[in-house]
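In what follows, chains are A, B, ... by sequence order, proteins preceding strands, each numbered from 1. As a basis for the values below, the full set of heavy atoms in this structure was taken, side chains included, without hydrogen atoms, waters or symmetry mates.
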Amino acid sequence: GAGVSQTPSNKVTEKGKYVELRCDPISGHTALYWYRQSLGQGPEFLIYFQGTGAADDSGLPNDRFFAVRPEGSVSTLKIQRTERGDSAVYLCASSLYVGGGETQYFGPGTRLLVL
Amino acid sequence: GENVEQHPSTLSVQEGDSAVIKCTYSDSASNYFPWYKQELGKRPQLIIDIRSNVGEKKDQRIAVTLNKTAKHFSLHITETQPEDSAVYFCAASRAQGGSEKLVFGKGTKLTVNP
């Protein structure tokens, strides 16, 4: 079946602009996660959703970052007033349930470059 | 919060040799430890995981061991092949009632030389 998909695959923007990154989880998966991966580093947790609600947003670096999942499926990560330090690959993952160490399946990522 | 340390950062082996990657974690409440393989420009893919109620798990050429007392876990790859070349990440989380977020190590770049 279809895996996690993310759009766009690449995004180039200018400092100060607003960007939206989209994630389509595996159908039927209730949990959705956002991570950020800088070059040469492991993924770093940002936020995760159980259904429509954000269960843990402790990884969001500041209030310029916001994410929604209004219908419990597709999620959008929104970054306001982008800064050069926001440049990274933004990864989305989904899992069937939350609890008990469910496998998180990752999408291909969106490579964000802020000039 | 949880901190995961991973060693070595790079590892080069000859085809057919074994490779071992080690990770330590700081949060004694962590109970789920997956390993992901990431090829250049691709998504991380789960290769094996272990939960804190077992000490070892094997899947063909791959095995993971967990020492809860020492708070470390290791990935073992036997009979390495060139297609095993990739970056490997360990991770830890407090599954079941805690936060489901994965805390990753910094990765190990494995190169298998033919």
Side-chain angles (χ1 to χ4, degrees), chain A residues 2-7 9-10 23-26 29-51 53-61 67 88-111 113, chain B residues 1-10 21 23 25 27 29-54 57 59 64 66 73 75 86-109:
Chain A
V4 178
S5 62
Q6 294 185 244
T7 54
S9 54
N10 291 279
C23 172
D24 278 90
I26 293 171
H29 279 197
T30 63
L32 184 148
Y33 310 78
W34 285 99
Y35 294 86
R36 177 169 71 174
Q37 187 174 25
S38 300
L39 195 62
Q41 302 293 315
E44 177 187 8
F45 171 77
L46 296 176
I47 185 171
Y48 91 91
F49 292 86
Q50 170 64 7
D56 183 352
D57 65 357
S58 63
L60 294 177
V89 176
Y90 288 81
L91 293 165
C92 175
S94 70
S95 65
L96 186 57
Y97 298 113
V98 168
E102 287 292 326
T103 299
Q104 294 185 26
Y105 297 90
F106 281 84
T110 293
R111 188 175 301 274
L113 178 61
Chain B
E2 175 69 281
N3 182 51
V4 176
E5 299 281 343
Q6 183 172 348
H7 299 281
S9 56
T10 61
I21 302 170
C23 290
Y25 61 98
D27 186 353
S30 289
N31 54 13
Y32 174 62
F33 308 93
W35 286 87
Y36 283 83
K37 174 183 180 182
Q38 188 175 31
E39 297 177 3
L40 190 61
K42 301 291 180 68
R43 72 188 75 194
Q45 293 195 303
L46 180 76
I47 55 170
I48 196 167
D49 58 12
I50 191 167
R51 289 167 177 77
S52 60
N53 57 346
V54 298
K57 183 177 178 180
D59 182 4
V64 57
L66 171 65
F73 56 113
L75 177 71
V87 179
Y88 291 81
F89 292 97
C90 63
S93 79
R94 288 188 185 188
Q96 283 181 316
S99 174
E100 301 296 323
K101 67 181 183 185
L102 294 175
V103 178
F104 285 85
K106 291 189 174 182
T108 296
K109 183 178 180 181

Part of [X] within contact of chain A (heavy atom distance under 4.5 Å):
X: B:L102; value: both
X: B:P44; value: both
X: B:Q38; value: side chain
X: B:Y36; value: side chain

Point to revise | Candidate pair B:K101 and A:S58, rule side-chain contact (heavy atoms from CB on, under 4.5 Å), full reasoning | key: CA-CA 10 Å; B:K101 67 181 183 185; A:S58 63; 3.5 Å; yes
Study note, to complete from the structure: Heavy atoms of B:R51 and A:E102 approach each other most closely as NH2-N, 4.4 Å
Review point. Of all heavy-atom pairs between B:E100 and A:Y48, which one has the smallest distance, and what is that distance?
Key: CG-OH, 3.5 Å
Exercise for review: Without swapping roles, check the side chain of B:R43 against the backbone of A:V4 for a donor-acceptor pair under 3.5 Å.
Suggested key: yes
**Study point:** Candidate pair B:F89 and A:Q37, rule side-chain contact (heavy atoms from CB on, under 4.5 Å), full reasoning
**Key:** CA-CA 12 Å; B:F89 292 97; A:Q37 187 174 25; 3.4 Å; yes
Review point. Looking at B:F104 versus A:F45, is the centre-to-centre ring distance below 6.0 Å?
Key: no
Revision key, fill the gap. Comparing A:A31, A:P43, A:G42 against chain B, the one with the most heavy-atom pairs below 4.5 Å turns out to be A:P43
**Study point:** Residue pair A:Q104 / B:S93, side-chain heavy-atom distance below 4.5 Å
**Key:** no
Review point. So, do A:Y105 and B:Q45 sit near enough that their side-chain heavy atoms are less than 4.5 Å apart?
Key: no
